[in-house]
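Only a predicted model underlies this, so the values are computations on that prediction, with no experimental measurement involved. Convention: sequence-line order gives letters A, B, ...; per-chain numbering from 1.
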Amino acid sequence: MDKIFQPQMIDEAAKKHWDETRAFETKENTTKPKFYCLSMLPYPSGQIHMGHARNYTIGDVIARYQRMLGKNVMQPLGWDAFGLPAENAALKNKLAPSEWTYKNIEQMRVTIKQLGFAIDWSREVTTCRPEYYRFEQQLFLKMYAKGLAYKKKSVVNWDPVDQTVLANEQVVDGCGWRSGALVERKEISQWFLKITAYADELLACLDKLTGWPEQVRTMQRNWIGRSEGLNLNFSVIGRDEKVTIFTTRPDTVFGVTFLAIAPEHPLALEASKSNESIFKFLQKCHNVKVAEAEVATVATEGYYTGFDAINPLSGEKVSIWVANFVLMEYGTGAVMSVPAHDTRDYEFAKQYNLRIKQVIKPIDNDLWDINKIAFTDKGVLINSGEFSNLNFDQAFNAIAEHVIRAKQGERKVHYRLRDWGVSRQRYWGAPIPIINCEKCGVVPVPERDLPVVLPEGIKLTDPHSPLHTLKSFFETTCPKCGGFATRETDTFDTFVESSWYYIMYCFHDQKYWMPVDQYIGGIEHAVMHLLYARFIYKVLRDEGLVKGDEPFTRLLTQGMVLKDGSKMSKSKGNTVSPEELVAKYGADTVRLFTIFASPPEQSLEWSDSGVEGAYRFLKKLFAFAAAHEEVITSHNKLSKKPEIFTKEQQQWRRNIHIILQQANADMERLQLNTVVSAAMKLLNELHDIPSATNEAIIYEGFSILLCLLNPITPHVVHYLWHELQFFGDALDAKWPQVDLSALKQDFFELIVQVNGKVRGKITVQADADEKAIREASIANDSVARAIGSAVIKKIILVPKKLVNIVV
RNA sequence: GCCCGGGUGGCGAAAUUGGUAGACGCAAGGGACUUAAAAUCCCUCGGAAGUUAAAUUCCAUGCCGGUUCGAUUCCGGCCCCGGGCACCA
């Protein structure tokens, strides 16, 4: 073998070998268990950044490890090719979005290939191709037929100058990013998918997703936000009208001192007709962008509408206020306000001098100064007529029954989750397969006419979608009446494409490959993408198209790549390009550093000197192999006989297998950074073993080392595996098993503590009994000194670990 | 504002179920080799007290408190940083 480590040559040779043997092309295989390893598909922005590199490296380590465990592993990749950035780039560079997108894909594929991932490229998917999105259109039609896709009015950010809808990202400080115009909220008719129909199942199945991080499950649970409560009607005084509110705290209903309604609520609009300040307030609310985070940070403000209502239980008169913290899209667009028992209502009441009426007292403490702070816990009812003295559960049920009997409301399960708006008023997206006919109304495109193809190669000259003016697309005939009709010009949200792409990778053999065994991607997708994908999978299941209830068995959410403490991004100018690093150090160094620098789920702090360190390790590994080539290859040729080891050799083997045991456990729990630590320790250990008399141990240790590194630095391992004449292709080397007999030892070292502080160490025989251990502990010099003349109260023994003497 | 994470040496981190805090690596300092540099190899490396050197002792896992023989780990409260909040993907 070479004496000098030349990563570029090693990389090239390994890749050539994998290409020639079609090593990563996958088929059904009945003799091996399957393993579908999936990384989130990239948006083709033009450049592979370190976040991508990290994502696919983690995925690749898992894929290659699973292969070594004997699995039939499939790892695909594709392109999430529709989306806003292509339109922006196209406008800026006077290109067609399609042109920009395809060019980027070509560039990015080259870089990804340089990193040597075990990807089956024959399965590559590009979501902007008609042969991809035709199935999406088909699915939409099925959902439409079932009532799972429907149209309704909903609010968007409207740029009054450019006359376009803006994404939240395009609204900067309340103004359109191009025009600078003050953004308005505008209601337009849009397509929705009824994810709420699956809310209960999406929630229930989270309990079964034990291969997912608990934090992601919690986030999804909270996002769905199931709550049980009451819809309650308050009659508006002097009008034949009711305001319906939803509450999870019917026990506090006697404490309602006002109602708050959303600025878009019909009653608020009514009030604005005769009240100038309300009119102005509604105008002001009209200029807040639709993002919830934005709405929530606006200072609380409200106005009395001049209307009052009757509390259906207490009969008290309550004023109706319009307030900017109530959202029309949540529940009924109106809430009952109980200042005594809700923090936000309390602050609002203080701000506008509204009545605060206590109706709940603490269970264990009768004294609560409601003038100082709201009491928001559950407790016992007071000042609540016939319901006084009941606790929360009793009051909930009694009030619910009362309300139902009096026809003033009903029990209601409410979800925070809202239906998924999939309409985008954009060009660069998959067309929604609908035709609008003046006579027949909304008509779905017949399946035989799919796909509805988006015209490509269109240059954008202004921010409007060209689909309206493109006669060849826009104008059509009605499938029902044959008359003139026009096509829907809204396109799908790109999250629709990413909700099912993992099936397209295995379109013909999905019954074999699905579900995905391991999914890897950024934590930023913890809720939306992962919830939409789960939803669509369940819809497909109900159509009989896929098996199982959940698409992703195990999930790993990787952390971000940071430099100097902040996210690597072009705008910050702190990016590091994977191409340059690969050119300088080779793929394995980049992979090794990425895996070693931090555990996959945590953010990774980029460090140039850390990369140098990774490179240095590979050089040492290579140098060790070169220096021991003869020892290892000659041992390789010998027929293996059971070895008789000296005490010293037993100790070395023990050290090697302890390291392996650690690495195996870490590999299983995907704590990949410490697998690299283990490999480094192992190399350090092998350095200390004189090779002349220990060929068998060097051989064993080094083969274990190569196996540990194989998933992480496959190129250099491929080279060394071959040069040192180990058996077969390194890709299919068997993952090493711990030799339990090597771990046995005659003596144990125990820590001796006095009152929890370490005071000494003792060595005892493996079979030492409790009495012997106690005696040995006390006999230890520094332990004895620490005890001094104190009286021993008790001794705690933790087997094989420690002794704690309590004095 | 709401939901979810994170905070350990100069730095990235480790400590698998409550049991030796800092493995492994980076940086730094010292030394060897070299005409020199790079590369490589060896040694030291949380802080403070102590000493010629050591032994040894104390402090230390964001802050405050609690549970425990024992807390980076569990509980309560707070501070700071990050992710998400439905049209960035």
Tell me, please, which residues at least two apart from A86(A) pass side chain to side chain contact (heavy atoms under 4.5 Å, CB included). Y43(A), P97(A), W100(A), T101(A), W428(A)
Got a sec, which residues hit side chain to side chain contact (heavy atoms under 4.5 Å, CB included) with N88(A), two or more places apart in sequence or on another chain? L84(A), Q170(A), W177(A)
Is the distance from OP1 or OP2 of A14(B) to the nearest side-chain N or O of Q671(A) less than 4.0 Å? yes
If the condition is salt bridge (charged side-chain N to carboxylate O under 4.0 Å, His left out), which residues does D80(A) pass it with, not counting sequence neighbours? none
Heteroatom pairs (N/O) under 3.5 angstrom, protein to nucleotides 28-33 of chain B:
none

Within the 4.0 Å heavy-atom criterion, would you say K793(A) contacts the bases, only the backbone, or no part of the nucleic acid? nothing
Have a look at N673(A) and say if it touches a base, only the backbone sugar-phosphate, or nothing, with a 4.0 Å heavy-atom cut-off. sugar-phosphate
All side chain to side chain contact (heavy atoms under 4.5 Å, CB included) counterparts of N655(A), not counting sequence neighbours: Q651(A), E685(A)
Can you find a side chain N or O atom of R759(A) that sits less than 4.0 Å from OP1 or OP2 on U57(B)? yes
Partner set under side chain to side chain contact (heavy atoms under 4.5 Å, CB included) for Q661(A), not counting sequence neighbours: V738(A), L743(A)
Output side-chain donor-acceptor pairs under 3.5 Å for residues 793-805 of chain A, partner residues at least two apart or in another chain, one line each.
residue: N804(A); atom: OD1; partner: N755(A); partner atom: N; Å: 3.4
residue: N804(A); atom: OD1; partner: G756(A); partner atom: N; Å: 3.0

Sequence neighbours left out, what pairs pass salt bridge (Lys or Arg N to Asp or Glu O under 4.0 Å) with at least one residue falling in residues 589-610 of chain A? D60(A)-R591(A)
How would you list, by chain and number, every residue that makes a salt bridge (charged side-chain N to carboxylate O under 4.0 Å, His left out) with R217(A), sequence neighbours excluded? E214(A)
Produce a footprint string for nucleotides 83-89 of chain B: one letter per nucleotide, 5' end first; B if the base is under 4.0 Å from any protein heavy atom, S if only the sugar-phosphate is, - if neither. SSBBBBB
Can you give one letter per nucleotide of nucleotides 67-81 of chain B, 5' to 3': B if a protein heavy atom sits under 4.0 Å from the base, S if only from the sugar-phosphate, - if neither? --B------------
How does protein reach along nucleotides 41-49 of chain B, written 5' to 3' as B (base within reach of a heavy atom under 4.0 Å), S (only sugar-phosphate), or - (no contact)? S--------
